[in-house]
Amino acid sequence: MDKMLIQGGTPLEGEIRISGAKNAALPILAATLLSTTPHRLKNVPKLGDITTIKRLLEKIGATVSEEADHCVIQVQAIGNNEASYDWVKTMRATILVLGPLLARCGEAHVSLPGGCAIGARPIQLHLDGLEKMGAEIHIEHGMIHAKAAKLKGAPIYFEAPTVTGTENLMMAAALAEGTTILENAACEPEIVDLAHFLNRCGAQIMGAGTDKIVINGVSSLSGADYEIMPDRIEAGTFMLAGAITRGDLMLKRCNPADMGSIIEKLQATGSEVKIQKKSIRVIGKEIKAVDAKTLPYPGLPTDMQAQFMALMSVSDGLSVITETIFESRFNHCAELRRMGADIRLEGHHAVIKGVPHLSGAPVMASDLRASACLILAGLVAEGETEVLRIYHLDRGYEAIEEKLSQVGASIQRVKGSL
Ligand code: EPZ
């Protein structure tokens, strides 16, 4: 397994180009199952999870070809409508093929995802919605077996907003008979990107980005050319890299309009943030202690919580970070403590007392955003930090060491270490 070696203490200065959004590309790639003609997708990030879903689509029956700045995907026929546990244990987002497969060929067999490092992560809301659309679903030996000769539009109320649940049902409803109304739907920008893609394929989806989405089913969808939105969590992570190293970073090809809560929170800590239409400049100054609470969009994203904790661990005072989305998303705290952070956990709250400096140490990544947190901590810690198990990092950050090295970080990947 690879590890990352970081020498901390250098203020980062320069430009970083933000990649396409992992959490928009995943549902959009799954949605290619809904059409028989070719799709040309641009700005698809080169990430572990993206490679995984492309391989899965090929196994299902897609042809995937990589061109210079886009990929061409076509699913002329479904050869295999099963996604076994091998796929799901590698990537939970495999569940996103359930809705499209059911809509496309009337039958799907997808492994039930287990829990993961950040929580139990049930998917019952996905299954309840599909049953309301007429699917027959039963679970046996850890597999979801779903059948529906033709899905029927239905009113669906989510007891809690679920991002991939909203996406799964939006895709299923696109080819259903009649109208589906998703109430208490998730509002994340990645859902809007999926709706834009589906509408370009000929779907009739209104209200994406609000908590009420109306989908009028159509008889078929065509292929489309589409450019994936920028990754707001990658951009937010690099914003904090500029802040924590007291540097001056310009992030290009990002979308500040998706990032209001992250921008506001960072400004509250004392960083200067300059916004243009497609770029954000962060000038790190003081790091004031501020409280933070993760919430569904447009609140502070849970996917920024670990990174923000790294910043608060070197703030000028006491802050409280509250995680309201996942029940065990504080795995990075113990590792930050190994670097000298002063953090106390009380249920869903982490109480952080800023320390003058962190000290470099060997630390273990436990999940995608926890690994990003440890990279940020290493950038500012005194001495060398070794981040182990960075396969977690590679699932969601494209060429992170190249991007950070270009702006002055002393970071290198050591291949194949234990
Ligand atoms: C998506 O996960 C993202 N993944 C996550 O990003 C992100 O953290 C999460 O949304 C929240 O924003 C992708 O988009 C691929 P949820 P998802 O369903 O859809 C509960 C990353 O780092 N829930 O919105 O799985 C659930 O337990 C990843 O890129 C149910 O109770 O999240 C959680 O507490 C990590 N029953 C809450 O809802 C259900 O049927 C939000 O989960 C579904 C969800």
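Remember, it's 1-based here, ligands and their atoms both numbered in the order they're listed.
D69 and K42 are joined by a salt bridge, as a carboxylate oxygen and a charged side-chain nitrogen come within less than 4.0 angstrom of each other.
For E384, the side-chain hydrogen bond (donor to acceptor under 3.5 Å, both in side chains) partners are Q7, not counting sequence neighbours.
Listed for the T245 side chain is no donor-acceptor partner under 3.5 Å among the backbone atoms of V380.
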Which pairs of nitrogen or oxygen atoms, taken one from ligand 1 and one from the protein, are under 3.5 angstrom apart?
from: ligand 1; atom 1: 2 (O); to: R121; atom 2: NH2; distance (Å): 3.2
from: ligand 1; atom 1: 6 (O); to: N23; atom 2: ND2; distance (Å): 3.3
from: ligand 1; atom 1: 6 (O); to: D303; atom 2: OD2; distance (Å): 3.0
from: ligand 1; atom 1: 8 (O); to: D303; atom 2: OD1; distance (Å): 2.6
from: ligand 1; atom 1: 8 (O); to: D303; atom 2: OD2; distance (Å): 3.4
from: ligand 1; atom 1: 8 (O); to: R329; atom 2: NH1; distance (Å): 3.4
from: ligand 1; atom 1: 18 (O); to: T162; atom 2: OG1; distance (Å): 2.7
from: ligand 1; atom 1: 19 (O); to: T164; atom 2: N; distance (Å): 2.9
from: ligand 1; atom 1: 19 (O); to: T164; atom 2: OG1; distance (Å): 2.6
from: ligand 1; atom 1: 22 (O); to: R369; atom 2: NE; distance (Å): 2.9
from: ligand 1; atom 1: 24 (O); to: V163; atom 2: N; distance (Å): 2.8
from: ligand 1; atom 1: 25 (O); to: R121; atom 2: NH2; distance (Å): 3.0
from: ligand 1; atom 1: 29 (O); to: K22; atom 2: NZ; distance (Å): 2.9
from: ligand 1; atom 1: 29 (O); to: N23; atom 2: ND2; distance (Å): 3.0
from: ligand 1; atom 1: 29 (O); to: R369; atom 2: NH2; distance (Å): 3.0
from: ligand 1; atom 1: 34 (O); to: I325; atom 2: O; distance (Å): 2.6
from: ligand 1; atom 1: 40 (O); to: P122; atom 2: O; distance (Å): 3.4
from: ligand 1; atom 1: 40 (O); to: Q124; atom 2: N; distance (Å): 3.1
from: ligand 1; atom 1: 40 (O); to: L125; atom 2: N; distance (Å): 2.8

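Two rings, from H196 and Y226, have their centers 6.0 Å or more apart.
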List the atom pairs, donor and acceptor, that lie under 3.5 Å between side-chain atoms in residues 45-64 and the rest of the protein, sequence neighbours left out.
from: D49; atom 1: OD1; to: R395; atom 2: NE; distance (Å): 2.8
from: D49; atom 1: OD1; to: R395; atom 2: NH2; distance (Å): 3.3
from: D49; atom 1: OD2; to: R395; atom 2: NE; distance (Å): 3.4
from: D49; atom 1: OD2; to: R395; atom 2: NH2; distance (Å): 3.0
from: T51; atom 1: OG1; to: L47; atom 2: O; distance (Å): 3.2
from: T52; atom 1: OG1; to: G48; atom 2: O; distance (Å): 3.0
from: K54; atom 1: NZ; to: E66; atom 2: OE1; distance (Å): 3.3
from: K54; atom 1: NZ; to: E66; atom 2: OE2; distance (Å): 2.8
from: R55; atom 1: NE; to: E58; atom 2: OE1; distance (Å): 2.7
from: R55; atom 1: NH2; to: E58; atom 2: OE1; distance (Å): 3.2
from: T63; atom 1: OG1; to: Q74; atom 2: O; distance (Å): 3.3

Enumerate, atom names and distances included, each donor-acceptor pair closer than 3.5 Å involving a side-chain atom of residues 338-348, sequence neighbours excluded.
from: R338; atom 1: NE; to: P362; atom 2: O; distance (Å): 3.1
from: R338; atom 1: NH2; to: P362; atom 2: O; distance (Å): 2.7
from: R344; atom 1: NE; to: E346; atom 2: OE2; distance (Å): 3.0
from: R344; atom 1: NH2; to: E346; atom 2: OE2; distance (Å): 3.0
from: H348; atom 1: ND1; to: E323; atom 2: O; distance (Å): 2.9

